[in-house]
Amino acid sequence: AAKAAGRATVRTFTSEMLTRIQERVDLEARLRAAMEGQRGLFVFFQPITDLASGRITAREALVRWFDPPRGWIPSSEFVPVAEEAGLIDRLGQFVLGRACLEAAGWTDGARVAVNVSAAQLGRGTLLPAVSRALKAAALPADRLEVEITETALLLNGAQALAELRLLREMGVRVALDDFGTGYSSLAHLRSFPFDKIKIDGSFVRDALQRPECAAVVRAVAELGRRLGVTTVAEGVETPAHLECARAEGCTEVQGYLLGRPLPSPKDQAAVDALSSPVGTPPDRPVRPAATEEV
Ligand code: C2E
Ligand code: MG
Ligand code: MG
Ligand code: MG
């Protein structure tokens, strides 16, 4: 009986694994096809607001993918697939291209912030991609910001830092993303002159219940002030979160309260057409459009 049970367990485990591998292979193939046909891939933009003036200083470009069989796939699911499948350079170029073109049309002069993943750093491909995107959009380099996570620095070390220095010499700003969630954060601040620190959303959201999270927000804001670096509180969802960010001394805020990631007006109709029967895009309140007025 034990032997039979054991075998059954092994068989279940194996078929589950096979299913997962198959799903992953399918997802990768569909992502590849979407990228080749440039179908279902979009860039959404979310405002980043200066607390003192209330002005939008930047908008973060966030990639979105509508995969017909499943609907909107979270970027936390397909960006890692693109990285592992060797598709991240192409995906990165797509986002950079769209982001720069979009920003060139903004009348408020806000910057556009583009996420760059670990797999895009330290390989000599980022600088040419950035230059091409800026040139194609005729966007000045100082209107572009790249967001790097600590993990990306950890994985790529000196080569990554060298590339970031060159970007900065071009006039591109460099932000440290998801600050506080990676390793040896303070060492990174010493190794590179970041223009901006983005405090991970978990800290502000937990600050109301947990004093140690508020203390982290305050300490990073103070550090930013001393270093002359902008500090952004991410994940601001409620007026209480906003008050916390202000009280602890952050200079800028980003989150659903101030604005959800939204498609370019040029893409709005295409996004609406996709969303109606299958589901809402990520970050949108799940409510019928008629009641969505604010
Ligand atoms: P991130 O760079 O830290 O981006 C912020 C994430 O927080 C976004 O999730 C955004 O939609 C979400 N967010 C914004 N405001 C709020 C809020 O008030 N509450 C909550 N709970 N979340 C909020 P998204 O778009 O799903 O992206 C997840 C991560 O995927 C990003 O984290 C970034 O690391 C990566 N990513 C997104 N777009 C790109 C891209 O174009 N290229 C690369 N390499 N990575 C990307
Ligand atoms: Mg980011
Ligand atoms: Mg972040
Ligand atoms: Mg993040």
Side-chain angles (χ1 to χ4, degrees), residues 23-24 26-48 56 58-85 87-106 110-120 129 133 137 144-149 175 177-178 198 201 234-237 254-289 292:
E23 277 169 5
R24 168 58 203 262
D26 289 348
L27 191 74
E28 185 181 316
R30 292 200 306 273
L31 180 59
R32 202 180 288 275
M35 285 175 56
E36 273 159 14
Q38 295 227 332
R39 288 180 62 240
L41 281 170
F42 298 92
V43 177
F44 282 27
F45 297 89
Q46 184 181 34
I48 302 173
I56 293 174
R59 292 181 184 86
E60 181 171 2
L62 295 159
V63 68
R64 294 288 180 262
W65 178 33
F66 186 92
D67 180 33
R70 284 180 54 196
W72 295 97
I73 311 290
S75 37
S76 55
E77 185 178 336
F78 72 86
V79 169
V81 171
E83 287 172 353
E84 285 163 36
L87 299 170
I88 193 67
D89 273 341
R90 285 184 58 189
L91 188 67
Q93 276 171 41
F94 167 77
V95 176
L96 266 170
R98 287 295 171 91
C100 290
L101 279 176
E102 191 68 17
W106 294 338
R111 294 192 185 89
V112 67
V114 175
N115 292 286
V116 169
S117 69
Q120 290 172 271
L144 176 66
E145 203 165 86
V146 295
E147 297 193 357
I148 313 286
T149 63
D177 202 355
D178 298 348
K198 301 188 76 178
E234 298 189 278
V236 170
E237 294 179 351
Q254 176 179 7
Y256 296 161
L257 179 71
L258 298 123
R260 288 171 182 268
L262 290 175
S264 156
K266 292 190 281 285
D267 289 332
Q268 187 68 61
V271 167
D272 288 345
L274 289 173
S275 309
S276 37
V278 196
T280 52
D283 299 310
R284 290 272 199 88
V286 186
R287 255 182 288 146
E292 215 178 273

Practice item. Decide side chain to side chain contact (heavy atoms under 4.5 Å, CB included) for V43 and L62; before the verdict, give the C-alpha distance in whole Å, the side-chain angles of both, and the deciding distance to 0.1 Å. Key: CA-CA 6 Å; V43 177; L62 295 159; over 6 Å; no
Exercise for review: For side chain to side chain contact (heavy atoms under 4.5 Å, CB included), just list the numbers for L41 and M35, CA-CA rounded to whole Å, side-chain angles, deciding distance to a tenth of an Å, and then say yes or no.
Suggested key: CA-CA 7 Å; L41 281 170; M35 285 175 56; 3.3 Å; yes
Review point. Distance-only, no hydrogens or angles: does the Q120 side chain make a donor-acceptor pair with backbone N or O of S117 under 3.5 Å?
Key: yes
Exercise for review: Indicate yes or no: at least one non-hydrogen side-chain atom of P263 is less than 4.5 angstrom from one of F44.
Suggested key: yes
Practice item. Supply the atom-to-atom distance N115 CG to D177 CG, rounded to the nearest 0.5 angstrom. Key: 5.5 Å
Review point. Taking only residues two or more places apart in sequence or in another chain, which ones pass salt bridge (charged side-chain N to carboxylate O under 4.0 Å, His left out) with D67?
Key: R30
Revision key, fill the gap. R111 meets the salt bridge (charged side-chain N to carboxylate O under 4.0 Å, His left out) criterion, sequence neighbours left out, with none
Practice item. Decide side chain to side chain contact (heavy atoms under 4.5 Å, CB included) for F94 and L87; before the verdict, give the C-alpha distance in whole Å, the side-chain angles of both, and the deciding distance to 0.1 Å. Key: CA-CA 11 Å; F94 167 77; L87 299 170; over 6 Å; no
Revision key, fill the gap. Here the gap from L27 atom CG to I73 atom CD1, rounded to the nearest 0.5 Å, amounts to 6.0 Å
Review point. Would you say the side chains of Q268 and D272 form a donor-acceptor pair under 3.5 Å?
Key: yes
**Study point:** Spacing of CD belonging to E83 relative to CG belonging to D89, to within rounding of 0.5 Å
**Key:** 10.5 Å
**Study point:** Trace of the side chain to side chain contact (heavy atoms under 4.5 Å, CB included) decision for I148 with V146
**Key:** CA-CA 6 Å; I148 313 286; V146 295; 4.3 Å; yes
Exercise for review: Find out whether the Lys NZ or Arg CZ of R59 is both under 6.0 angstrom from the six-membered ring centre of W106 and within 45° of the ring's axis.
Suggested key: yes
Check your understanding: Got a sec, which residues hit salt bridge (charged side-chain N to carboxylate O under 4.0 Å, His left out) with E77, two or more places apart in sequence or on another chain?
Key -> R70
Point to revise | Heavy-atom closest pair, residues Q254 and P47 | key: CG-O, 3.7 Å
Check your understanding: Checking salt bridge (charged side-chain N to carboxylate O under 4.0 Å, His left out) for the pair E84/R24: CA distance, chi angles, key distance, verdict?
Key -> CA-CA 11 Å; E84 285 163 36; R24 168 58 203 262; 3.0 Å; yes
Practice item. Write down the atom of A133, the atom of C100, and the distance for their closest heavy-atom approach. Key: O-CB, 3.7 Å
Review point. Do the side chains of W65 and V79 get nearer than 4.5 Å, heavy atoms only?
Key: no
Point to revise | Shortest non-hydrogen contact between W72 and R64, atoms and distance | key: CZ3-CB, 3.7 Å
Exercise for review: Using modelled atom types only, decide if a donor and an acceptor are shared between the side chain of Q46 and the backbone of A61 within a distance under 3.5 Å.
Suggested key: no
Revision key, fill the gap. Rounded to the nearest 0.5 angstrom, the CZ-CZ distance for R98 and F45 is 9.0 Å
Check your understanding: P261 and Y256: which non-hydrogen atoms are nearest, and at how many Å?
Key -> CD-CE2, 4.2 Å
Check your understanding: Are the charged groups of E28 and R32 less than 4.0 angstrom apart, N to O?
Key -> yes
Exercise for review: Answer whether the closest heavy-atom distance between the side chains of V271 and F66 falls below 4.5 Å.
Suggested key: no
Exercise for review: Drop me the distance from L258's CG to I48's CD1, to the nearest 0.5 angstrom.
Suggested key: 10.5 Å
